[in-house]
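So the structure is just underneath, and the comments pick up after that.
Order of listing sets the numbers, starting from 1, for every ligand and every atom in it.
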Amino acid sequence: MIPKAPVLRETRVHVITLDNPPVNALSFAYCARLFAEIEAAHADDTVEAVVITGANGLFSAGADVNDFQHEPPDHPITIRDVVGAIESSIKVHVAAVDGNCLGGGLELALACDYRVATPDAKFGLPEIMLGLLPGAGGTQRLPRLIGARPALEFMLKGSSIPAKRALELGIVDEIATGSVVEHAIALTKGPKRRVSAREAIIAKDVPTQAAAYVVAQAHKMVPPEESGGLAAHKLIDAVQASVELPFPFGLAREARLFEELVRSEPSQALRHLFFAERELAKVPSFDSAQDDTGKAQHDTGKAQHDAGRIEKVGVVGAGTMGSGIAIAFAQAGIPVVVVDTNEEAVDKARQTVMGMFMYRVQQGKLTQEEAWKRAQSIEFTDDWSRLADADLIIEAVFENLEVKRDVFRKLDAIAKPGAILATNTSTLDVDKIAEATQRPAAVVGLHFFVPANIIPLLEIVRGAKTSPQTLATAFKLAKQLRKKGVLSANAFGFIGNRMIFDYLGEAVALAEEGVPPARIDAVMKRFGFPMGPFAMADLSGLDIGWQIQQGSGATALGRTNVLQRLVEMKRLGQKTMAGYFKYDKAVGKGREPIPDPEVERIFAEEAKKAGIAPREVSDDEIRDRLLRALVERGKHLLEEGVALRPGDIDIAYVYGYGFPPHHGGPMWYADHSGMPVILGEATEARGDEVVAHA
Ligand code: 3H9
């Protein structure tokens, strides 16, 4: 952490320390103070130069996103004013950066004459992830500093880069080996050097190349505006302005585009997700899981609990899920022991692990050496006693209650005292599994999603006796794994799958009314899902849906026997090259759904038997009914206390099920799209109850 530094009279440098915990956000209120301090330094004849640095372990996380959530006060002082004051001063300004330097924080640094960073500093303009663009001069200064093309790429990606890369790109001038503030003070001796005074670099090697080229290239990289690419398109506009217009006009264009985006629905949706994500681990109380009616509860005390340390993990089962979980831990630098007695499964898992890390090497994300090291941190064995010193053991065995209870009995005897035992069940009762042990307080559900090393959702399932500390550890673990940990009470299907059953059920209901599955899928893809409901069902396997339906009786996928017939025909989905669609190895490596008239015929036949008449259904009705199925179930889950907050459901759907983030998740979408009216219309149109209830 950089200590606050006073004005250094002997060097005549005024050091300003951004200090607005926790992340030095540049709120309107904080900018007013900062602006006053900068103006005072400019007015002070004894001050020759200014160094700006940050407290709290970072430079700044940028503008305070809370300020965008409501109408701004009259004439607020913003980062733009601070940046303007720095720019117009004749005194030299140097940014001394340690830790994160993001968004408006980086824009502030770009307005300085020089930038110096510690080796650990990180730079990013992540505004695009909030559906915004850098609005305090970033789109105009960065192209002038490093070139329009790299600047555009950097802003379109929105991810952070380390200091070394920032140096290569030309974002920072030097890396400090000692004190970054001392280094910055030394740099104040250099001449005044405004970035805004430069011409934007269109392409370093082809100076005559037109801006249009850069822009045209960028257009190919981003989705259409209506599919969530709104901010990207406006960003391209702004960068175009940086190469075509004089600096002040470019700034004005940027400001206008920024204000349009702040008010846009996609940005509101993405900001909702930003805050919802930060709420996830805030569990009001950890005191009781169920009330006396058996209804799940998350009551409202304010208990704080310390998370335990997870330094070694055990995984039982080397199948697809087990190996994915092992890779996820290895990627997070946590050693894993995977226990499985089936040699064939272990061989396959070893290959999967190696293949996965080699793929990361090919992508340039890992060096050969790193990949090797990570692969080595996963040990495969058939010896259960190797689990004895693990801090957490996760079972990923066959989805059967008795099988899982047996595993837990065995684990309870082997695991050290204090170790957490987690089940990866997706549908079974966590309490019944916990009962098999002497340590139900240390039992929790950790529901990973296939592929476990990629899908960023982790449902954390709280059993009736799960202790607060176990939950706190689970949330910390989710963060270590870079996953969004969403709390669910112990209920059938938890949050995500419970909702998806209704969604798939509604898709089947539509097909029973004569809508071809391919059309239903196309409508949902247009809405922004990466795949439609039928392709999704084919991917997870129709037998799985059928088993769940048989086992629980909780939800029926449609009102006919179509699913049963397809399963009997061994049309189990992608794995058998036929399900609701057919697949062909020559088409999209066997993963591309191909509409199959045979399935449409089966739907028509079964619908006739069930007395369901075909009807005309519009695309809007398809979309609204499917979304309604999600939202209705989401409402129930909130009422039943299975989910804690609407935002938790939204995060689960965006990060686990591909719900388009620019629509904010199902619950946010329902609130912002006039869904209640739509719901009424949809119910009338159907004329019957469509949502299957548990
Ligand atoms: C911008 O700059 C626009 C300008 O271009 C133009 C202006 C005209 N604002 O994530 P954490 C809070 S747009 C408000 O858990 P970490 C966060 O809500 C901005 N609050 O910590 C949480 O609060 P709480 C562009 C913010 O260590 C607490 O800080 N910048 C902001 O895992 C801790 O956060 C970004 O998009 C903010 N900007 O990660 C950066 N940032 O404790 C967004 C954080 O009440 N921020 N908070 O729940 C981040 O990426 C991460 O927070 C960061 C720290 C990496 C900084």
**Nearest neighbour in protein (non-hydrogen) for atom 44 (C) of ligand 1** = V23 CG2, 3.5 Å
**Request:** Please report which non-hydrogen protein atom sits nearest to atom 49 (C) of ligand 1, along with the residue it belongs to and the distance in Å to one decimal place.
**Result:** R278 NH2, 3.9 Å
**Fill in**
Closest heavy-atom pair, D391 versus I310, reported as atoms and distance to 0.1 Å, is OD2-C, 3.8 Å
**Item:** Nitrogen or oxygen of P134 less than 3.5 angstrom from that of ligand 1
**Value:** no
**Asked** Does M129 come within less than 4.0 Å of ligand 1, judged by its heavy atoms?
**Response** no
**Request:** Would you tell me whether R271 and Q69 have side-chain atoms, one donor and one acceptor, within less than 3.5 Å of each other?
**Result:** yes
**Request:** Look at atom CZ of F249 and say whether more than 12 heavy atoms of other residues, nucleotides or ligands are closer to it than 6.0 Å.
**Result:** no
**Request:** Check whether any heavy atom of K479 sits under 4.0 Å from an atom of ligand 1.
**Result:** yes
**Message:** Quick check: F449 with H447 (ring centres under 6.0 Å apart)?
**Reply:** yes
**Message:** If you take the nearest heavy atom of each of N66, L102, N20, which one is closest to atom 20 (N) of ligand 1?
**Reply:** N66
**Request:** Take H662 and L230, measure what side-chain contact (heavy atoms from CB on, under 4.5 Å) needs, and give me the verdict at the end.
**Result:** CA-CA 9 Å; H662 63 281; L230 183 68; over 6 Å; no
**Item:** Axial cation check for F258 ring with R256, 6.0 Å and 45° limits
**Value:** no
**Message:** I'd like to check atom 39 (O) of ligand 1 in this structure: does the protein have a heavy atom lying under 4.0 Å from it?
**Reply:** no
**Item:** Under 3.5 Å side-chain donor-acceptor pair for H663 and E265
**Value:** no
**Message:** Test of understanding: given a 4.0 Å heavy-atom threshold, classify the contact between A63 and ligand 1 as side chain, backbone, both, or neither.
**Reply:** both
**Item:** Close side-chain approach of K483 and F448, heavy atoms under 4.5 Å
**Value:** yes
**Prompt:** Do protein heavy atoms approach atom 47 (N) of ligand 1 to less than 4.0 Å?
**Reply:** yes
**Asked** So, does G138 sit close enough to ligand 1 that a heavy atom of it is under 4.0 Å from the ligand?
**Response** no
**Prompt:** Among protein heavy atoms, which sits nearest to atom 6 (C) of ligand 1, and what does the distance come to when rounded to 0.1 Å?
**Reply:** G135 N, 3.5 Å
**Asked** What distance do D650 atom CG and Y655 atom OH have between them, rounded to the nearest 0.5 Å?
**Response** 11.0 Å
**Item:** Spacing of S264 atom OG and E259 atom CD [to the nearest 0.5 Å]
**Value:** 11.5 Å
**Prompt:** If you count the atoms of ligand 1 from 1 in the order shown, which ones are under 4.0 Å from a heavy atom of E107?
**Reply:** 4 (C), 5 (O), 6 (C)
**Prompt:** With no hydrogens and no angle check, do the side chains of S467 and T470 hold a donor and an acceptor under 3.5 Å apart?
**Reply:** yes
**Item:** Distance in Å, L132 CG paired with S267 OG, rounded so as to fall on 0.5 Å steps
**Value:** 3.5 Å
**Message:** Only heavy atoms of P126, strictly under 4.0 Å: list the atoms of ligand 1 that pass.
**Reply:** 30 (N), 35 (C), 36 (O)
**Asked** Can you check whether A96's main-chain N or O pairs, donor with acceptor, with H183's side chain at less than 3.5 Å?
**Response** no
**Item:** Closest protein heavy atom to atom 56 (C) of ligand 1, given as residue, atom name and distance to 0.1 Å
**Value:** A61 CB, 3.6 Å
**Item:** Any N or O of A25 closer than 3.5 Å to N or O of ligand 1
**Value:** no
**Request:** Look at atom 43 (C) of ligand 1 and say which protein heavy atom is nearest, naming residue and atom and giving the distance to 0.1 Å.
**Result:** F274 CE1, 3.6 Å
**Asked** How far is atom 45 (O) of ligand 1 from its nearest protein heavy atom, and which residue and atom is that?
**Response** K282 NZ, 3.6 Å
**Prompt:** Just distances here: any N/O of L132 and N/O of ligand 1 closer than 3.5 Å?
**Reply:** no
**Prompt:** Distance below 4.0 Å between atom 32 (O) of ligand 1 and any protein heavy atom?
**Reply:** yes
**Message:** E127 versus ligand 1: do any nitrogen or oxygen atoms come within less than 3.5 Å of each other?
**Reply:** yes
**Asked** Would you call L130 a ligand 1 contact, heavy-atom distance under 4.0 Å?
**Response** yes
**Message:** Surrounding NZ of K164 (heavy atoms of other residues, nucleotides or ligands, distance under 6.0 Å), is the total greater than 12?
**Reply:** no
**Closest approach of any protein heavy atom to atom 55 (C) of ligand 1, naming residue and atom** = N100 ND2, 3.6 Å
**Request:** Considering only non-hydrogen protein atoms, determine which one is nearest to atom 28 (C) of ligand 1 and report residue, atom name and distance to 0.1 Å.
**Result:** P22 CG, 3.7 Å
